[in-house]
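Lettering follows sequence order; numbering is per chain, from 1.
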Amino acid sequence: MSVRVRFAPSPTGLLHIGALRTVVFNDFFAKGKGGSLLLRIEDTDRTRYNPDSEQEFVDTLKWAGIEFDEGPHLGGKDAPYRQSERKEAGIYAEKIADLIEKGAVYKAFDTSEELDEMREFQRINKMPTGYFGGDWRDASPEKVAEAKAAGRPYVIRLKIPRDVKITGEDAIRGKLEWDSNTIDDPVLLKADGMPTYHFAAMVDDHLMGITHVFRGEEWISSYPKHIVLFQAFGWAMPVFVHCPVIVGTDGKKLSKRHGATRVLDYASQGYLPQPLRNFIALIGWNPGDEREAMSDCDLAQAFEIRGIQPSPGRFDLDKLKWMNGLAIRAMSVDELFDTLREYLASEITSEYWNTLEKDDELKIDPAHFVPGMTLLKEALERDPDYVRTVLPLEQERVSTLADFGPACEFFFVEEVVFDQKSVEKAFGTDHVRGLFEFLLAVDSDGFTAADWDKAVHDWAAEQGIEKMGPVVMPIRVAMTGKLSGPGLFDLMAVLGPGRVRARVSRAMEHLR
RNA sequence: GCUCCGGUCGUCUAGCGGUUAGGAUGCCGCCCUUUCACGGCGGAGGUCGCGGGUUCGAAUCCCGUCCGGAGUACCA
């Protein structure tokens, strides 16, 4: 049987990083096994429904490079893929009828006040809380008929068998076991006629022929209910894979405190989808050897459920940065150019940076990034050839696309901003004035980096200067305003004679 | 409270009865170099949560214990 997996989010809000990891597992698994991946929208809760959410999912997944074979936006042989539409199609009603006929479920007419009271009583008496039959599991047919005739709203609950062991397999942890008396009777169909997750997800997984269910480990507690349901139907179970959660650096569930939790924020911060996929897959999974930075193809090929581990993993931004930098360095100039242009032109990017407030906890200050990014964006349109020569010089010293902003800033500004400390450090030596005069005088039209290298070295030799530091540093500060950056002669060649002269002239004003 | 799931360098992880407990990231140092970075090399960092047992031998098996997390909804 060929592999068939699904990502089944509930459209209540944003797509966060933990959910993406589940998708990534699904995706690599499907690809590696030649199976298919589908998107299913679990919109059975009308009160939490968020109309923008589905679009957020589709946009995010598209950015992240996840390709679905079937889904509400694509169609497919198991359409519809929204549970609200499946409900309208009568799919769940039909399956509930099956269970009623089998006597596996019952109608319960409790009001929410009655249920609250029941739980309160259970808590006070230190009993396990939950609906273990209540007044309705064993109610007489007459009592039920009467309640129904009175038009009282009801739910349909699953009868969990009593006094037995419920056992199940988890593909990561192995055999799991519960005392059935600790499992309460879950609602399958709500009073409004909508199915619950427990019901709709299992029915759909079966109907859609899902072979492997990847879901968060928070589902382990309700797994026995799902097992009983499958047994009630007499259906074969798919393989259940309860994936460990991703937590923040403090061990708590990932939240805003730990930086971005919305996947699109990573896009906005200049992370690339491939290293993100790669990095995130490595939280809780490993290929069985010591590879880390891998291609999607290798990732898919290496992906096995047995490589997933049961303990939760933390999200280490430093390691993501490293991996992202690796990917940036691996790009060709054209690739980098196109990626950067798309990134800077994206509305998502500008919206993110324009609304971001300086946040010391996140350690991201828009004032550090935005001016350079704006200059870069303009230059990309106005002077693409110049930008193409600039990019390779900074490519190996950034870790995100956003880093190109501050890194490239000095290439595009009219007037370099001099860092006072750097000026003091570099401009103090006696030979600096002479050096600058030489730079203004030399005929540097068409100079390559090698030409600059030779010219400056020759000048230094004439002056009897052996160490290049005191020669290079003043020029560097004149060109860039600071002491660090790309190779000086490379950068001078890129700037070109006009900019070099203008910057030297301005720097001379600082010599006193 | 009850039920369940976890626990190896700061972090991500390898390990499945015998290893000097391996790799990666981050940190530090050296090399390269005009600087920063990249790259290369090296270093520090782990009493394998803790306590018992089983065994010639335990991170690995068993029991207990502690800590962390999840669930305990007509949410998913």
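At the heavy-atom level, A/Leu488 lies under 4.0 Å from base atoms of the strands shown. Within 4.0 Å (heavy atoms only), A/Pro9 reaches no atom of the nucleic acid at all. Residue contacts for A/Thr129: at a heavy-atom cut-off of 4.0 Å it reaches a base atom on one of the strands shown. As judged by a 4.0 angstrom heavy-atom cut-off over every strand, A/Val155 is placed among the base-contacting residues. At a threshold of 4.0 angstrom between heavy atoms, the contacts of A/Asp110 include nucleobase atoms, whether or not backbone atoms are also involved.
Ring planes of A/Trp219 and A/His198: perpendicular class, angle over 60° (limits at 30 and 60°). Relative orientation of the A/Phe240 and A/Tyr223 rings is tilted, given thresholds of 30° and 60° on the angle between their planes.
A sub-4.0 Å separation between OP1 or OP2 of B/A14 and a side-chain N or O of A/Asn286 is present. Under 4.0 angstrom from either OP1 or OP2 of B/A76 there lies at least one side-chain N or O belonging to A/Thr44. Side-chain N/O atoms of A/Trp322 include one lying less than 4.0 angstrom from OP1 or OP2 on B/U25. Note on A/Arg48: every side-chain N or O is 4.0 Å or more away from OP1 and OP2 of B/A76. When the side-chain nitrogen and oxygen atoms of A/Lys190 are compared with OP1 and OP2 of B/A76, one or more of them lie within a distance under 4.0 Å. Contact annotation: A/Arg157 side-chain N/O to B/C74 OP1/OP2 distance is under 4.0 Å. At B/G39, one or more side-chain N or O atoms of A/Arg329 fall inside 4.0 Å of OP1 or OP2 (strictly under the cut-off). Applying the 4.0 Å criterion to OP1 and OP2 of B/G1, one finds that A/Gln122 has every side-chain N and O outside that range.
B/A37 sits 44 Å from B/G71 when the P atoms are compared, rounded to a whole Å. B/G18 and B/C32 are spaced 43 Å apart, taking the C1' atom of each and rounding to whole Å. Taking the P atoms as reference points, B/G43 lies 12 Å from B/A24, given to the whole Å. Nucleotides B/G45 and B/G10, compared at atom C1', are 9 Å apart to the nearest Å. Comparing B/U3 with B/A14, their C1' atoms sit 33 Å apart, to the nearest whole Å. To the nearest whole angstrom, the two C1' atoms, one in B/C9 and one in B/C62, are 28 Å apart. Comparing the same atom, C1', in B/C16 and in B/C41 gives a spacing of 34 Å after rounding to whole Å. Of the C1' atoms belonging to B/C12 and B/G26, the separation is 11 Å, rounded to the nearest Å.
RNA chain B is contacted by both A/Pro128 and A/Asp490; A/Pro128 maps to the nucleotide lying nearer its 5′ end (nearest heavy atom per residue). Looking at which nucleotide of RNA chain B each of A/Lys126 and A/Pro195 is closest to, the 5′-most match is held by A/Lys126.
Note: OH (A/Tyr106) to C1' (B/C74) measures 13 Å, nearest angstrom. In this structure, the CG atom of A/Asn125 is 21 Å from the P atom of B/U72, given to the nearest Å. Whole-Å rounding puts the A/Ile220 CD1 to B/G6 P distance at 7 Å.
With a cut-off of 3.5 Å on both Watson-Crick or G-U wobble distances, the partner of B/G51 is given as B/C63. Pair check for B/U19 finds none; no Watson-Crick or G-U wobble contact set falls under 3.5 Å. Across the strands present, B/C41 finds its partner in B/G29; the criterion is a Watson-Crick or G-U wobble pair with both atom distances under 3.5 angstrom. The partner of B/A14 is absent, by the rule that a Watson-Crick or G-U pair needs both atom distances under 3.5 Å. B/C4: Watson-Crick or G-U partner is B/G69, with both key distances under 3.5 Å.
When distances run from any side-chain atom of A/Tyr197 to the nucleotides B/G39, B/A76, B/A24, the shortest one goes to B/A76. The side chain of A/Gln309 lies closest to B/A14 when the candidates are B/U34, B/A14, B/A70. Of the candidate nucleotides B/A24, B/A76, B/U34, B/A24 has the atom lying nearest to any side-chain atom of A/Glu292. Each of B/A76, B/A73, B/C38 was ranked by its minimum atom distance to the side chain of A/Thr196; first place goes to B/A76. The side chain of A/Phe489 sits closest to B/U34 out of B/C74, B/U34, B/G1. Of the listed nucleotides (B/C5, B/G22, B/A76), B/C5 has the atom at the smallest distance from the side chain of A/Arg173. The side chain of A/Ser484 lies closest to B/C36, out of B/C36, B/C12, B/U3. Side-chain atoms of A/Trp178 lie closest to B/C4 of the nucleotides B/A76, B/C4, B/G1. Considering only side-chain atoms of A/Trp219, the nucleotide from B/A76, B/C5, B/A24 that sits closest is B/A76. If you check B/G71, B/U35, B/U3 against the side chain of A/Glu218, the one that comes closest is B/G71.
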- Message: As a quick check of understanding, evaluate side chain to side chain donor-acceptor pair (under 3.5 Å) for A/Ser53 and A/Asn50, giving each step before the final call.
- Response: CA-CA 5 Å; A/Ser53 192; A/Asn50 177 338; 5.2 Å; no
- Message: A/Phe411 vs A/Phe404, test: ring pair (Phe, Tyr, Trp, His ring centres under 6.0 Å). Steps then yes/no.
- Response: CA-CA 11 Å; A/Phe411 279 107; A/Phe404 276 102; over 10 Å; no
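With hydrogens and angles ignored, no donor-acceptor pair under 3.5 angstrom links the side chain of A/Arg314 to the base of B/U11. A/Arg397 contributes a side-chain N or O that forms a donor-acceptor pair with the base of B/C36 under 3.5 Å.
Ion pair A/Lys190/A/Asp192 not flagged as a salt bridge, since none of the NZ, NE, NH1 or NH2 atoms sits closer than 4.0 Å to an Asp/Glu carboxylate oxygen. Ionic pairing of A/Arg397 and A/Glu394 is present here: one or more N-O contacts between side-chain nitrogen and carboxylate oxygen are shorter than 4.0 angstrom. At a threshold of 4.0 Å, the pair A/Arg162-A/Asp185 counts as salt-bridged, since one of the basic side-chain nitrogens sits closer than that to a carboxylate oxygen. A salt bridge does not link A/Lys321 with A/Asp318: every distance from a Lys NZ or Arg NE/NH1/NH2 to an Asp or Glu carboxylate oxygen is 4.0 Å or more. Taking the charged nitrogens against the carboxylate oxygens, A/Asp205 and A/Arg40 do have a contact shorter than 4.0 Å, which makes a salt bridge.
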